[in-house]
2 protein chains.
Amino acid sequence: MAQRREERTAAIIAAAWDLAREEGIGGLTLRGLARVVGVRQPSLYEYFESKHALYDAMFAVGNRQLLERLDGLSLPDDPRAALKAFMATFVDFALEDDARQQLLFQRPIVGFEPGAASYDAAVQVLERGIAMITAAGLTDQGDVDCFVAMVGGLIAAQASNEPGGDRWARHLERLIDLYLDNPRQGRTR
Amino acid sequence: MAQRREERTAAIIAAAWDLAREEGIGGLTLRGLARVVGVRQPSLYEYFESKHALYDAMFAVGNRQLLERLDGLSLPDDPRAALKAFMATFVDFALEDDARQQLLFQRPIVGFEPGAASYDAAVQVLERGIAMITAAGLTDQGDVDCFVAMVGGLIAAQASNEPGGDRWARHLERLIDLYLDNPRQGRTR
DNA sequence: GTCTATAGTTTGATAGAC
DNA sequence: GTCTATCAAACTATAGAC
């Protein structure tokens with residue numbers, strides 16, 4: 001049964017995420033993971049050929065979760081309202097889990113580059129985001145860049161200075177309006 | 001001569017920064033540092049009682065460099081122009097050296113918290129920045145938070161997506177105008 | 001597929017001679 | 001103050017029995 005093996009693999013990845021949440025993404029070790037899974041450390045090599053392969057699988061699962069959540073949204077017709085709902089979901093997702101935010105949106109593991117298959121989900125997320133921004137009226141590359149940087153800055157400030165709070169995140173909607181209302185070439189009136 | 005010792009300590013810290021620039025801040029090892037300094041690894045313990053103490057000294061030196069550069073600016077009288085010049089210098093400093101940016105503005109070393117003395121310079125930098133923002137007209141805490149997050153977001157996006165370029169950094173002045181012209185409670189006219 | 005055993009490496013830190 | 005020698009610990013990864 002190949003299905004049995006896939007379920008087991010998924011359970012190990014889930015346990016790895018649990019552990020990363022406690023120990024930090026960089027503090028994840030195969031010994032620790034084996035302990036919570038209930039096997040000996042070498043047995044994990046039956047499911048992942050290296051530690052990098054484990055990170056890669058975690059990266060893929062995390063991005064697929066994000067993609068599912070974004071695709072599950074029932075967005076309003078108004079492009080601006082839709083963008084706000086989309087980005088609020090994105091920010092919530094990022095702030096829910098610091099370890100996940102680090103592995104998905106930063107590069108905290110030296111030498112780790114996600115494989116093409118795992119990267120695919122991340123690319124899809126980015127494409128959806130840019131499509132939403134464009135639909136809301138920001139077509140200039142510089143405007144899109146600034147918008148993306150702003151959202152990333154909010155997330156980073158919130159996660160590192162006040163995890164669990166909303167001191168920064170609560171300004172998201174206002175800032176979205178600000179950016180949409182002031183494109184680079186735009187006139188205020 | 002205690003002076004001789006201080007000079008040697010400073011030289012070791014400088015070498016550590018050189019090495020961190022090559023190997024990454026997390027890849028810095030005492031053995032590697034000893035090699036480039038020209039001594040054996042245990043000899044470093046004559047100058048730093050632990051690796052954390054070395055990081056702490058590096059953190060302090062980096063922040064003092066930033067403080068010197070900011071204090072050395074001859075700023076225009078106009079508060080808005082002054083803020084732009086101040087922040088441009090800050091962003092340049094952060095983007096000059098990725099390892100330095102990581103140690104100073106992120107927390108890439110697990111378990112490392114700068115000591116009070118080293119933290120002092122960092123606090124002074126932040127205070128100066130907030131004073132500049134306030135002088136330019138943003139007095140609301142939420143406005144200051146958003147401004148700081150925006151600058152951090154620009155730096156992070158630039159450093160991680162296009163090191164050495166200016167695709168994000170070049171929008172700094174325009175975004176400063178945008179934030180100053182649109183305070184939370186403000187009216188456009 | 002899981003185990004025991006261990007190789008092989010790297011690291012921070014200490015002891016003690018000089 | 002610098003050295004040699006070494007400890008003690010952690011980790012990833014592999015070999016081979018069952």
Side-chain angles (χ1 to χ4, degrees), chain A residues 1-20 22-59 99 102-103 107-115, chain B residues 1-20 22-59 99 102-103 107-115:
Chain A
M1 272 277 187
Q3 187 187 347
R4 195 88 192 124
R5 184 187 178 84
E6 279 179 27
E7 285 172 8
R8 189 112 178 88
T9 303
I12 293 173
I13 296 172
W17 272 121
D18 289 341
L19 202 57
E22 294 172 16
E23 314 272 337
I25 188 71
L28 185 67
T29 68
L30 295 179
R31 277 185 158 76
L33 177 57
R35 204 187 61 248
V36 301
V37 168
V39 298
R40 301 292 181 168
Q41 174 248 346
S43 301
L44 294 175
Y45 282 82
E46 191 67 24
Y47 301 91
F48 304 98
E49 67 178 0
S50 70
K51 194 182 183 184
H52 271 34
L54 171 65
Y55 278 129
D56 197 51
M58 293 172 71
F59 181 86
Q102 284 185 37
L103 183 61
R107 288 293 145 81
I109 309 298
V110 294
F112 167 63
E113 286 295 320
Chain B
M1 274 284 187
Q3 188 187 349
R4 195 88 193 125
R5 185 187 175 85
E6 281 179 26
E7 286 172 8
R8 189 113 178 86
T9 303
I12 293 174
I13 296 171
W17 272 121
D18 289 341
L19 202 56
E22 293 173 16
E23 314 272 338
I25 189 69
L28 185 67
T29 67
L30 294 179
R31 279 183 159 77
L33 177 57
R35 203 186 62 248
V36 301
V37 168
V39 299
R40 300 293 180 167
Q41 174 248 347
S43 302
L44 294 175
Y45 282 82
E46 191 67 25
Y47 301 93
F48 305 97
E49 66 178 1
S50 70
K51 195 182 182 183
H52 270 33
L54 171 66
Y55 278 130
D56 196 51
M58 294 172 71
F59 181 86
Q102 283 185 38
L103 184 59
R107 289 293 145 80
I109 310 296
V110 292
F112 166 63
E113 285 295 318

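Values in this document were obtained by computation on a predicted structure and should not be read as measured data. To find a chain, count down the sequence lines: A is the first, B the second, and so on, and within it residues start at 1. What you see below is based on every heavy atom in this structure, not just the backbone, and it leaves out hydrogens, waters and symmetry mates.
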Whole-Å distance, Ile109(B) CD1 to dT11(C) P, equals 14 Å
Handout entry: Side chains of Leu44(A) and Leu54(A) in contact at under 4.5 Å (non-hydrogen atoms)
Key = no
In whole angstroms, the gap separating P of dG1(D) from CD of Glu7(B) amounts to 13 Å
From CD of Gln41(A) across to P of dT6(C) the rounded distance in Å is 15 Å
Separation of dT9(C) atom P from Lys51(A) atom NZ, nearest Å, is 19 Å
Looking only at heavy atoms, the pair that brings Ile13(A) and Ala57(A) closest together is CD1-CB, 3.6 Å
Checking dT2(C), dC3(D), dT12(D) against the side chain of Leu30(A) (C-beta onward), the nearest is dT12(D)
Taking for Glu46(A) and for Pro42(A) the nucleotide of DNA chain C with the nearest heavy atom, the one nearer the 5' end belongs to Glu46(A)
Reckon Arg8(B) has a side-chain N or O less than 4.0 Å from the OP1 or OP2 of dT2(D)? yes
Leu54(B) CG to dA13(C) P, in whole Å, measures 10 Å
Here the distance between atom C1' of dG1(D) and atom CG of Leu44(B), to the nearest Å, is 12 Å
In the structure I gave you, are the side-chain heavy atoms of Phe112(A) and Lys51(A) within less than 4.5 Å of one another anywhere?
no
side-chain N/O Ser43(B) vs dC3(D) OP1/OP2, d < 4.0 Å:
yes
Point to revise | Phosphate OP1/OP2 of dG12(C) contacted by Arg31(B) side-chain N/O (<4.0 Å) | key: no
message: Phe48(A) vs Leu30(A), test: side chain to side chain contact (heavy atoms under 4.5 Å, CB included). Steps then yes/no.
response: CA-CA 11 Å; Phe48(A) 304 98; Leu30(A) 295 179; over 6 Å; no
Taken to the nearest whole Å, OH/Tyr55(B) to P/dT11(C) is 11 Å
>> What contact category does Tyr47(B) fall into here, base, sugar-phosphate, or nothing, at under 4.0 angstrom with non-hydrogen atoms?
In response: sugar-phosphate
Next on the checklist: Just so I know, are the side chains of Glu46(B) and Val39(B) near enough to count as touching, which here means a heavy-atom distance under 4.5 Å?
Outcome noted: no
Determine the contact category for Thr29(A): base if any of its heavy atoms lies under 4.0 Å from a base atom, sugar-phosphate if only primed atoms, P, OP1 or OP2 are that close, otherwise nothing.
sugar-phosphate
| message | Taking 4.0 Å as the cut-off, does a side-chain nitrogen or oxygen of Tyr45(A) come that near to OP1 or OP2 on dA15(D)? | response | no
Atom CZ of Phe112(A) and atom P of dT12(D) are separated, to the nearest Å, by 15 Å
